[in-house]
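All remarks here apply to the structure that follows.
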Amino acid sequence: SGQDVPGFKLEHPCSSVHQHSHPHSIKIPGDITLGGLFPVHARGHAGVPCGEIKKEKGIHRLEAMMYALDQINSDPELLPNITLGARILDTCSRDTYALEQSLTFVQALIQKDTSDIRCSNGEQPIIRKPERVVGVIGASGSSVSIMVANVLRLFEIPQISYASTAPELSDNNRYDFFSRVVPPDSYQAQAMVDIVKALGWNYVSTLASEGNYGESGVDAFVQISREAGGLCIAQSLKIPREPKPGEFDKIIKRLMETPNARGVIIFAHEDDIKQVLEAAKKSNLTGQFKFVGSDSWGAKSSPILDQEEVAEGAVTILPKRASIDGFDQYFTTRSLENNRRNIWFAEFWEDDFRCKLTRPGIKIDPEKKKCTGEERISRDSHYEQEGKVQFVIDAVYAMAHALHNMHQDLCPGAMGVCDKMDPVEGRLLLSYIHSVNFNGSAGTAVLFNENGDAPGRYDIFQYQMTNTSNPGYRVIGQWTNNLRLNVEEMQWTGGSRQIPDSVCSFPCRSGERKKMVKGVPCCWHCELCDGYQFQADEFNCEMCPFDMRPTLNRTACRPTPIIKLEWHSPWAVIPLFLAILGILATLSVIITFIRFNDTPIVRAAGRELSYVLLTGIFLIYFITFLMIAEPGTVVCAFRRLLLGLGMCITYSAMLTKTNRIYRIFEQGKKSVTPPKFISPTSQLMITFILISVQVVGVFIWFGVMPPHTIVDYDEQRPPNPELARGILKCDIADLSLICCLSYSILLMVTCTVYAVKSRGVPETFNEAKPIGFTMYTTCIVWLAFVPIFFGTAQSTEKMFIQTTTLTVSMSLSASVSLGMLYIPKVYVIIFHPEQNVQKRKRSFKIILSDDKIPKKEFSQGTMLNVDRN
């Protein structure tokens, strides 16, 4: 291009070259020239580009570059026989001004068409070729670096910054020629995220001063925490640039809206930090908040002055830095005589010693003393090395090491710069910059990642008040790409070693599932896996299989205990007691009847049917033992067989008896011919036919559904699973049980009907009425049994209640039969044997024809005669 670059003034080709052709730059000659950008002056006001001189951030850093160049040029091992030069510019802390100045660096790369330029005497002009800048050290502010980087990348000039920390400069696509020896702010945010996680916090608030520093810091923290997961932001609050009265009280009030978020991440300026602490103290919230502060808080005492109690336990972060002793020795020996290469040094001298130098044509201000030139830095003025000096030196050394490695590869054995490095190719140099790895001025490694960023190195402090010789900041760890935190050295409010909680929801206990709060992944409600559910995973409860119940902590399922009716159970003791009494009584009756088998009372009772009936009564009592015995195939088979059989035998015999008496007396009213089938043999046949119906039914049941045991888990399955039990029992449903007993109940009802019909029989025929009373009582017993049996169907102890009800009802019905029919006879046989004699006989004919004889005159002999025919 034949045009000048805007903002860059090409010096007149015919004018003489002199020292002050660049009044705002320092030129140090060398074989290879590096550019330098430093904020020597502050931003000017009212249209003036530059303001007052910046002693620390400007002069200290600038001198650090020249110090590093001196060290490199005097080092025989690093770039031997090659001298590094420099062109150092002042950015005046303004991005637009810095852009204009940085065009100096690209001047040599812009082709100029000078064919039409002639001197006044008509001769061809002699144009000084500007020096070629191979790389730039700087800038300081991130906004300046961003502006300059956009230009330098067009001309492929690598740039290494010593102070720019904006996260956006890590974008390798937009700022590919930019590198830095300081870690970006995103690393600081990463370190803070790691600290929060190491403390076990997952729910924190953020607080930022309005502006680039605070907002970008919090944005980086939020972004990294979102990517890392497991960390939620309760609130993100901003402190206005110009806070109104009461603004900080409002901020504290807002923070208290989420009291569980005790951790507060704070990216704020010193004054804002101080006022936040004041507001917390004013609200009597000392110890409520645990602050994690950025490097603006660092290890400074000014933000916590008079607010130490509120700040106790605050964790702060500060880039790891070191003071370079060699630079202190170099800088404190600088004077006006030995440092003429720094064109701004005289201005610094005046400002540092508060004096005025005499210059031609300039009148000295009488209020300011005259500079003698004998003043000495540190002796006559306060001196403290600026914090970024270490990084300036490391940046220059990084460029030198890259050039050294490049020279060794391209110019092996060459003394000085060879043709391959003239000119230096920018993209190749960039690759050498990214691959350097050496120990820097502070003894720590200097290297770059793929984005050109230096590794993050931070010291982590905690402000502690107790157990220390004096209250103050204590180093509790460091962060270098990963966190090393000494948690055991941390102290909190009142010297406590217990890390305070800052969590939205506490972990759920065993057996509780998390029910997440929508949109807040760190917050949840804990819901108990109730009933028969167990905790399948963190978020779900599932039902245990039907034969299992949850463990006490509900994290798994365990088999449900299996029980049966035990012999010593209260539900079994009473039926067993009744059954044993009944069996003893029945056996006593049977023995008595056998002993007095031929006596009139035994014969009159109908011996054959009596023995059948007593066998049935015995079986009714015996079934109690089968009902309580441990279920098994044999036991279940006998239960089915004997459950209805005992009653069936008893009521079949009774029905046959009542039917016989009824038929005899009904026939006697019509004729003297005795009715058929009233002989003992006939009676037994009728009884066994009736019994066979029950037996056949049971065997059909065996064929359709063979007897077996089951474990019933539904019966004892109350709301509390600890009380759940599986019940081992025979596979006999309630309906099957009723069907099994229904035939016996039918016999019983039929027998009752005949007993009612036979109520008119003379009293001396004493079998009819006792059977009648037996039937009435038995009906009442069984009518009571039905509601009790089915009314307990929903009870947790259903099986026990029903078994007891059934066995007691059967024992009672057997006892009624035994008591009504046989106990009176046994009483007479044993205690009144004189009554157990045969009376005079009367013919059946007389009995039936003598209608006028009062019923009371029928003798026992008549009854005997009827029974024996």
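As the structure is a computational prediction, the values presented were derived from the model and not from experiment.
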Minimum side-chain heavy-atom gap Ile266-Trp297 below 4.5 Å | yes
Note, Pro184 side chain near Thr165 side chain (heavy atom, < 4.5 Å) = no
Is it true that the side chains of Ser335 and Asn338 contain a donor and an acceptor less than 3.5 Å apart?
-> yes
Rounded to the nearest 0.5 Å, the SG atom of Cys355 sits from the NZ atom of Lys369 at a distance of 6.0 Å
Distance-minimising heavy-atom pair for Pro319 and Asp295 | CD-CB, 3.6 Å
SB check Lys57 Glu386 (cutoff 4.0 Å) | no
Atom CE in Met192, atom CD1 in Ile317: separation rounded to 0.5 Å?
-> 6.5 Å
Counting only heavy atoms not in Arg341, do more than 12 sit closer than 6.0 Å to its CZ atom?
-> yes
State, yes or no, whether a side-chain contact exists between Leu447 and Val436 at a heavy-atom distance under 4.5 Å.
-> no
To the nearest 0.5 Å, atom CH2 of Trp349 lies from atom CD1 of Ile59 at 12.5 Å
Would Lys238 and Glu215 pass as an ion pair if we require N to O under 4.0 Å?
-> yes
Minimum heavy-atom separation for Gln385 to Ala322, with atom names?
-> OE1-O, 4.0 Å
What is the distance from atom NZ of Lys356 to atom CD of Glu350, rounded to the nearest 0.5 Å?
-> 4.5 Å
Given the side-chain rings of Phe348 and Phe353, with only the six-membered ring counted for Trp, is the space between their centroids under 6.0 Å?
-> no
Closest heavy-atom contact between Gly298 and Thr316?
-> O-OG1, 2.7 Å
Using the ring-ring contact (aromatic ring centres under 6.0 Å, His included) rule, take Tyr67 and His60 through it: C-alpha gap first, then chi angles, then the decisive distance, then the call.
-> CA-CA 10 Å; Tyr67 164 76; His60 282 208; over 10 Å; no
Other residues, nucleotides, ligands: >12 heavy atoms within 6.0 Å of Asn482 CG = yes
pair Phe38-Tyr162: side-chain heavy atoms closer than 4.5 Å = yes
If we only count heavy atoms from C-beta on, is the Leu79 to Leu84 side-chain gap below 4.5 Å?
-> yes
Have Thr332 and Gln329 got a donor and an acceptor in their side chains that come within less than 3.5 Å?
-> no
Have Thr83 and Asn73 got a donor and an acceptor in their side chains that come within less than 3.5 Å?
-> no
Tell me yes or no: between the side chains of Trp479 and Asp194, is some donor less than 3.5 Å from an acceptor?
-> yes
Between Ile460 and Leu485, what is the shortest heavy-atom contact and its length?
-> CG2-CD1, 4.2 Å
Taken to the nearest 0.5 Å, the spacing of Cys92 SG from Tyr97 OH works out to 4.5 Å
Compute whether any side-chain donor of one residue and acceptor of the other, for Tyr383 and Asp328, lie under 3.5 angstrom apart.
-> yes
Is the closest side-chain donor-acceptor distance between Glu63 and Tyr330 under 3.5 Å?
-> yes
Do you know the tightest heavy-atom contact between Ser161 and Ala139?
-> OG-O, 2.7 Å
Taking the side chain from Ser142 and the backbone from Ala166, do they hold a donor-acceptor pair closer than 3.5 Å?
-> yes
Would Arg87 and Ser25 count as having a side-chain donor-acceptor pair, cut-off 3.5 Å?
-> yes
Give a yes-or-no answer on whether the side chains of His404 and Glu77 include a donor-acceptor pair shorter than 3.5 Å.
-> no
Decide salt bridge (Lys or Arg N to Asp or Glu O under 4.0 Å) for Asp351 and Lys54; before the verdict, give the C-alpha distance in whole Å, the side-chain angles of both, and the deciding distance to 0.1 Å.
-> CA-CA 9 Å; Asp351 189 75; Lys54 296 176 81 168; over 6 Å; no
Of all the heavy-atom pairs spanning Asp453 and Ser170, show the shortest one and how long it is.
-> OD2-OG, 2.6 Å
How long is the gap from OH on Tyr397 to CG on Leu69, to the nearest 0.5 Å?
-> 9.5 Å
When you look at NZ of Lys420, are more than 12 heavy atoms from neighbouring residues, nucleotides or ligands closer to it than 6.0 Å?
-> no
Side chain proximity check, Leu78 to His401, heavy atoms < 4.5 angstrom = yes
Check for a donor-acceptor pair, side chain of His382 on one end and backbone N or O of Ile377 on the other, with a separation under 3.5 Å.
-> no
Heavy-atom side-chain proximity of Ile88 to Ile137 below 4.5 angstrom | no
Name the one of Lys55, Arg334, Arg376, Arg379 that satisfies salt bridge (Lys or Arg N to Asp or Glu O under 4.0 Å) with Asp352?
-> Lys55
Side chain proximity check, Thr91 to Gln101, heavy atoms < 4.5 angstrom = no
Exercise: do Asp409 and Tyr432 side chains pair donor with acceptor under 3.5 Å | yes
Give the intermediate values and the outcome of side-chain contact (heavy atoms from CB on, under 4.5 Å) for residues Ile53 and Val40.
-> CA-CA 6 Å; Ile53 196 161; Val40 180; 4.3 Å; yes
For the residue pair Asp95 and Ser143, confirm or rule out a side-chain donor-acceptor distance under 3.5 Å.
-> no
Taking everything shown except Glu227 itself, do over 12 heavy atoms lie less than 6.0 Å from its CD?
-> yes
Pick from Asn405, Val424, Leu428, Val417: which one makes a side chain to side chain contact (heavy atoms under 4.5 Å, CB included) with Leu410?
-> Leu428
